[in-house]
Amino acid sequence: MTTLNIAVAGASGRMGRMLIETITAADDARLAGALDVAGAPGIGSDAAAFLGKPAGVTIESELAKGLANAGYLIDFTRPEGTLHHLEYCASHGIKMIIGTTGFDEAGKAAIAAAAQKTAIVFAPNMSVGVNVTLKLLEMAAKSFSHGYDIEIVEAHHRHKVDAPSGTALKMGEVIADALGRDLKQCAVYAREGVTGERDPSSIGFATIRGGDIVGDHTVLFAGIGERIEISHKSSSRLSYAHGSLRAARFLADRQTGLYDMQDVLGLR
């Protein structure tokens with residue numbers, strides 16, 4: 001059995017710790033590195049100390065040190081941090097699993113360019129359940145293409161910095177593509193005051209932020225006399241960690257290329 005030598009970015013954070021716990025529990029993976037920003041409280045400490053069983057891996061701020069023994073980097077940080085890591089990984093042949101959201105078009109282009117040098121899975125949500133939901137939404141959108149208004153509602157914890165969530169936007173993209181629309185042209189992100197009647201070709205978004213909500217997403221297809229809701233609710237970040245490991249396994253025999261979780265799960 002090939003062992004996956006995986007480093008984790010944002011190792012001191014909630015998602016970073018969940019990834020570390022998942023990697024150390026896996027039979028086919030080894031925690032090979034840990035990164036965090038300079039000045040983070042975890043810098044210099046053992047990355048798995050919080051588990052009560054140190055892994056012998058120190059959290060580093062220098063990429064060369066943190067990635068010296070890694071073949072993979074799982075990154076759920078911020079766009080600016082991920083792009084900094086991306087440049088190093090591409091030049092050193094380190095494969096990446098990117099769950100960071102909030103990239104602009106230039107950031108997405110940089111990821112696509114880096115995928116010519118190393119293999120990357122880039123997805124706004126690594127959950128297997130969410131990605132199966134995306135497939136269901138594609139099927140539903142084709143059936144509800146006429147006479148149904150489409151609204152996407154998402155809720156996350158108070159610390160999330162981007163809105164709508166990357167997952168909500170991906171849901172909108174999947175639906176728009178299935179309907180032959182351009183999400184940039186039909187998305188409505190805010191309503192206030194006298195807005196007039198709803199444009200039937202629009203896809204609406206609503207954002208909720210509060211407490212410790214891990215991530216809830218609901219797509220509403222509202223017709224005359226009926227409405228259909230397709231929802232996914234996360235109760236733990238564990239699903240994102242398991243999906244990330246599945247993505248790393250998918251990349252094991254790939255040297256270059258840009259993939260997403262639909263590729264990983266064979267849902268294309």
Side-chain angles (χ1 to χ4, degrees), residues 8-19 21-22 36-37 39-42 74-83 97-108 122-134 136-137 149-176 183-184 186-195 198-199 202-222 227-244 260-261:
V8 173
S12 302
R14 288 166 298 177
M15 189 64 217
R17 288 189 168 195
M18 182 62 74
L19 287 164
E21 184 174 359
T22 303
D36 216 327
V37 295
I74 302 179
D75 192 327
F76 281 75
T77 58
R78 300 280 180 87
E80 59 273 18
T82 300
L83 293 174
I97 297 89
I98 300 174
T100 305
T101 60
F103 289 100
D104 58 17
E105 293 305 315
K108 293 176 183 178
F122 173 39
N125 195 306
M126 294 291 171
S127 158
V128 172
V130 162
N131 284 280
V132 172
T133 300
L134 292 175
L136 295 174
L137 290 173
D149 299 320
I150 303 168
E151 297 285 323
I152 301 172
V153 182
E154 60 98 344
H156 282 83
H157 53 87
R158 62 172 62 134
H159 302 293
K160 188 168 180 60
V161 298
D162 58 311
S165 69
T167 302
L169 291 171
K170 183 64 176 180
M171 288 176 166
E173 290 171 3
V174 167
I175 293 167
L183 186 64
K184 293 178 182 178
C186 66
V188 175
Y189 297 112
R191 296 186 178 103
E192 183 179 6
V194 180
T195 60
R198 189 187 194 282
D199 180 347
S202 65
I203 296 175
F205 290 82
T207 296
I208 297 168
R209 294 287 178 267
D212 61 354
I213 302 169
V214 175
D216 293 354
H217 295 86
T218 295
V219 178
L220 170 67
F221 296 90
R227 62 180 182 272
I228 299 90
E229 296 181 6
I230 298 177
S231 296
H232 179 276
K233 299 181 186 296
S234 294
S235 57
S236 167
R237 293 175 178 80
L238 187 59
S239 61
Y240 309 147
H242 283 310
S244 298
D260 62 17
M261 285 300 288

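Hydrogens, waters and symmetry mates play no part in the numbers below; they use all other heavy atoms, side chains included.
Taking all atoms of both residues into account, the shortest heavy-atom contact from F76 to M126 is CZ-CG, 3.5 Å. Taking every heavy atom of both residues into account, E151 and F205 meet most closely at OE1-N, 4.2 Å. Nearest heavy atoms, K160 versus S165: CE-CB, 3.6 Å. In terms of heavy-atom proximity, M18 sits nearest to L238 at SD-CD1, 3.7 Å. Nearest heavy-atom pair across M261 and G243 is CE-O, 3.8 Å. Nearest heavy atom pair, residue I203 against residue R198, reads CA-NH2, 4.3 Å.
Judged purely by atom type and a 3.5 angstrom limit, S127 uses its side chain to pair as donor or acceptor with the backbone of G129. At distances below 3.5 Å, at least one donor-acceptor pair connects side-chain atoms of T100 with backbone N or O atoms of D75.
Atoms CD1 and NZ, from I175 and K170 in turn, are 12.0 Å apart once rounded to the nearest 0.5 Å. Here CD1 of I213 is found 11.5 Å from OG of S234. Values are rounded to the nearest 0.5 Å. The CD1 atom of I208 sits 8.5 Å away from atom CG of D216, with the distance rounded to the nearest 0.5 Å. Atom CG of residue D260 and atom CD1 of residue I98 lie 12.0 Å apart, to the nearest 0.5 angstrom.
Residue H232 is tested with T167, V219, T133 for a side-chain contact (heavy atoms from CB on, under 4.5 Å); the sole match is T133. A side-chain contact (heavy atoms from CB on, under 4.5 Å) with L134 is found for one member of L136, V132, N131 and no other, namely N131.
Counting heavy atoms from C-beta on, the side chains of L19 and Y240 never come closer than 4.5 Å. Here the side chains of P124 and L169 are not in contact, with every heavy-atom distance at 4.5 Å or above. By the 4.5 Å heavy-atom criterion applied to side chains, F103 and D162 are not counted as neighbours. For the pair R227/L220, a side-chain contact is recorded, criterion being any heavy-atom separation below 4.5 Å from C-beta on.
Note on E154 versus R209: salt bridge recorded, some NZ/NE/NH1/NH2 to OD/OE distance being below 4.0 Å.
Within 6.0 Å of the CG atom in D212, the count of heavy atoms belonging to other residues, nucleotides or ligands does not exceed 12. Around CZ of R191, the count of heavy atoms belonging to other residues, nucleotides or ligands within 6.0 Å exceeds 12.
Taking the six-membered ring for Trp and thresholds of 30 and 60 degrees, H217 and H156 have ring planes more than 60 degrees apart, a perpendicular arrangement.
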